[in-house]
Student: 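Here you go, one structure.
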Amino acid sequence: MAKDSLTVTDNRTGKTYEFPIENGTIRALDLRQMKAAPDDFGLMTYNPAFTNTASCKSRITFIDGDKGILNYRGYPIEQLAEHSTYLETAYLILHGELPSKAEYGEWTHNITHHTMVHENIKELMVGFRYDAHPMGMLGSTVAALSTFYPEAKNVRDADCRRDQIFRLMAKITTLAAFAYRHSQGLPYAYPDNDLSYCGNFLQMMFKRGGRYEVSPVLERALEVLFILHADHEQNCSTSAMRGVGSSEADPYSATAAAIAALYGPLHGGANEMVLRMLREIGSIERIPAFIEEVKTSGGDVRLMGFGHRVYKNFDPRATIIKKMAEQVFQVTGRNPLLDMALELERIALSDEYFIKRKLYPNVDFYSGLIYQAMGFPVDMFPVLFAIPRVSGWLAQWDEMLDDKDQKIARPRQVYLGAGRRDYVSLERR
Ligand code: CMC
């Protein structure tokens, strides 16, 4: 009869062990029973980059990478992108259920009324160089928020946690817009509480004196982009959030760590790199030569915006973004780089190198083209990824703190360095 367990024989000793299988996993700690000798530490798994390790149980986001499925709390991303708003989706991600009308109203009010930042934060931002990257400014100022709200370290207090969630969700847009305006030498624009989350962000970015009229098409496009980026289960930045949060650091410090992880070009920095890559290629005629360079570089030159650790068929977010691009371009005018992106995608998808490795356009391949058409400078792209991901990071952090299985994150290592040796004084070396 089938049994939910795994039987393993340790050929070093001939002993057989039986481990329970739960949710398609065995507990890594069970392996420690397997010892080659009584004083042996016990067997571990070696899993660089955690490619086959479930670090937590989660009820937030489900991904089936082979089928291209992404659900938040069970709701397909396609439905949320079509019908929901970013704030409603963020509520869902954080609370587990869609809000009632009253809950949605209260949630929106609470976030809207936390968008102001202390004036000293503004002073702090003034200290950055004129050409500081906005993602660096964002991470630093989010970390600095922990000094403004020292009570945030009470991470075991549910009410306190909720207050920091309002603050972070709200202030992230203000800090992001301030970072942009700093780089442009523009006076910082304060939040307008009468506008929607995305509408307010757009006015804080682009207001130039007088009233800023928010384009409904661009506002909706931003809502959809924010919905698509809100969470993506245990990726690099979320693992950073959980890892730092597991030491019971305050959520501002943990979010700053997550922002730092997202900054990298292999993660949230990829959207910026796609645009830089398209500009560097320069023309459609030069695409075949670039593809050749990618294929022969041994992994050094990558087709940015392609490939994913989990999606091996298509990235459902990329499909939605590609469709939406046309609507945005009707308002903004067609991004001239679109033709290059389409041709790059066409060539790559019919090339054996990319087919064999299951490399498809990911969320970052087309998002940058939309952001650019909307008027965002290229170095703001990772920031635009970070703003909505704050809801996912906070939901994962909150879930972790309530999870009785969790402890401070502390992986093991396989030590291959020198054995014990005696110190040699400088004169004798
Ligand atoms: N261009 C060319 N070759 C690639 C690419 C790419 N974009 N991505 C992977 N490969 C190759 C890689 O060289 C390797 O080839 P080989 O087997 O010959 O050594 C093979 O495909 C497997 O790559 P990997 O690095 O082991 O795959 P991974 O799952 O560790 O990496 C990835 C996933 C997203 C880091 C990678 O695909 C990549 O670097 N893509 C470009 C950066 C990018 O677009 N990142 C955004 C990801 S989506 C947004 C997010 O959630 O962060």
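Remember, it's 1-based here, ligands and their atoms both numbered in the order they're listed. The basis for the numbers below is simple: all heavy atoms, side chains too, and nothing from hydrogens, waters or symmetry mates.
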Student: Would you mind listing which atoms of ligand 1 come within a distance below 4.0 Å of any non-hydrogen atom of Leu303?
Tutor: 1 (N), 2 (C), 6 (C), 7 (N)
Student: Return yes when at least one protein heavy atom is under 4.0 Å from atom 13 (O) of ligand 1, and no when none is.
Tutor: yes
Student: Between Asp351 and Arg346, does at least one N-O distance fall below 4.0 Å, as a salt bridge requires?
Tutor: no
Student: For ligand 1, indicate whether the residue Arg357 contacts it via side chain, backbone, both or neither (heavy-atom separation under 4.0 Å).
Tutor: side chain
Student: To which protein heavy atom is atom 29 (O) of ligand 1 closest, and what is the distance rounded to 0.1 Å?
Tutor: Arg309 NE, 2.9 Å
Student: Quick one: does Asp364 get within less than 4.0 Å of ligand 1, heavy atoms only?
Tutor: yes
Student: Output yes when Asp403 and Lys57 qualify as a salt bridge under the 4.0 Å nitrogen-oxygen rule, no when they do not.
Tutor: no
Student: Around atom 47 (C) of ligand 1, find the nearest protein heavy atom and jot down its residue, atom name and distance.
Tutor: Asn362 ND2, 3.6 Å
Student: So which atom in Pro316 and which in Glu78 form the shortest heavy-atom distance, rounded to 0.1 Å?
Tutor: CB-OE2, 3.7 Å
Student: I'd like to check whether Gly299 has a polar contact with ligand 1, where a contact means an N/O of the residue lying under 3.5 Å from an N/O of the ligand.
Tutor: no
Student: What part of Val274 sits under 4.0 Å from ligand 1 if we count only heavy atoms: the side chain, the backbone, both or neither?
Tutor: neither
Student: Is a side-chain N or O of Tyr86 found less than 3.5 angstrom from the main chain of Pro388, in a donor-acceptor match?
Tutor: yes
Student: Is atom 16 (P) of ligand 1 near the protein, in the sense that some protein heavy atom lies at less than 4.0 Å from it?
Tutor: yes
Student: Please tell me if atom 10 (N) of ligand 1 is touched by the protein, where touching means a protein heavy-atom distance below 4.0 Å.
Tutor: yes
Student: Atom NZ of Lys35 and atom CG of Asp10: how far apart are they, to the nearest 0.5 Å?
Tutor: 12.0 Å
Student: Out of Thr238, Asn235, Leu266, whose heavy atom is nearest to atom 45 (N) of ligand 1?
Tutor: Leu266
Student: Does the side chain of Val224 reach to within under 4.5 Å of the side chain of Ile321, using non-hydrogen atoms?
Tutor: no
Student: At a 4.0 Å cut-off, with the gap strictly under it, does some heavy atom of Tyr353 reach an atom of ligand 1?
Tutor: yes
Student: Pull out every atom of ligand 1 sitting under 4.0 Å from any heavy atom of Val294, numbered as shown with elements.
Tutor: 2 (C)
Student: Short N/O distance, under 3.5 Å, between Val301 and ligand 1?
Tutor: no
Student: Specify the closest pair of heavy atoms between Arg302 and Val294, including all atoms of both residues, with the distance to one decimal.
Tutor: C-CG2, 4.2 Å
Student: Side chain or backbone of Thr51 under 4.0 Å from ligand 1, or both, or neither, by non-hydrogen atoms?
Tutor: neither
Student: So which heavy atom in the protein is nearest atom 43 (C) of ligand 1, and how far is it from that ligand atom?
Tutor: Ala270 CB, 3.5 Å
Student: A cation-pi test, strictly: NZ or CZ of Arg357 under 6.0 Å from the centre of the six-membered ring of Tyr353 and no more than 45 degrees from its axis. Yes or no?
Tutor: yes
Student: What protein heavy atom lies closest to atom 38 (C) of ligand 1? Include the residue and the distance to one decimal.
Tutor: Arg302 NH1, 3.2 Å
Student: Which residue owns the protein heavy atom closest to atom 41 (C) of ligand 1, what's the atom, and how far is it?
Tutor: Phe306 O, 3.4 Å
Student: Identify, for atom 4 (C) of ligand 1, the protein heavy atom at the shortest distance, and state residue, atom and that distance.
Tutor: Leu359 CD1, 3.5 Å
Student: Does Asp339 come within less than 4.0 Å of Arg334, counting only side-chain N to carboxylate O?
Tutor: yes
Student: Main chain of Thr61, side chain of Arg73: is a donor-acceptor contact present, judged purely on distance under 3.5 Å?
Tutor: no
Student: Would you kindly specify which portion of Met273 sits under 4.0 Å from ligand 1, judged on non-hydrogen atoms: side chain, backbone, both or neither?
Tutor: neither
Student: Would you mind checking which non-hydrogen protein atom is closest to atom 50 (C) of ligand 1, with the distance to 0.1 Å?
Tutor: His267 ND1, 3.5 Å
Student: Could Glu248 and Lys153 be called an ion pair, given the rule that one side-chain N must be under 4.0 Å from one carboxylate O?
Tutor: no
Student: Just say parallel, tilted or perpendicular for the rings of Phe201 and Phe226, cut-offs at 30° and 60°.
Tutor: tilted
Student: For ligand 1, which atoms have a heavy atom of Gly305 less than 4.0 angstrom away?
Tutor: 43 (C), 44 (O)
Student: Are Glu280 and Arg276 within salt-bridge range, i.e. N to O under 4.0 Å?
Tutor: no
Student: Any protein heavy atom lying closer than 4.0 Å to atom 22 (C) of ligand 1?
Tutor: no
Student: Assess whether ring-ring contact (aromatic ring centres under 6.0 Å, His included) is satisfied between Phe306 and Phe365, documenting all intermediate values.
Tutor: CA-CA 7 Å; Phe306 256 67; Phe365 194 66; 5.2 Å; yes
Student: Looking at Val363, which atoms of ligand 1 are within less than 4.0 Å of one of its heavy atoms?
Tutor: 49 (C)
Student: Is any NZ, NE, NH1 or NH2 atom of the basic residue among Glu352 and Lys295 found under 4.0 Å from an Asp or Glu carboxylate oxygen of the other?
Tutor: no
Student: Got an N/O contact under 3.5 Å between Met304 and ligand 1?
Tutor: no
Student: Of all the non-hydrogen atoms in the protein, which one sits nearest to atom 34 (C) of ligand 1, and at what distance?
Tutor: Gly307 O, 3.6 Å
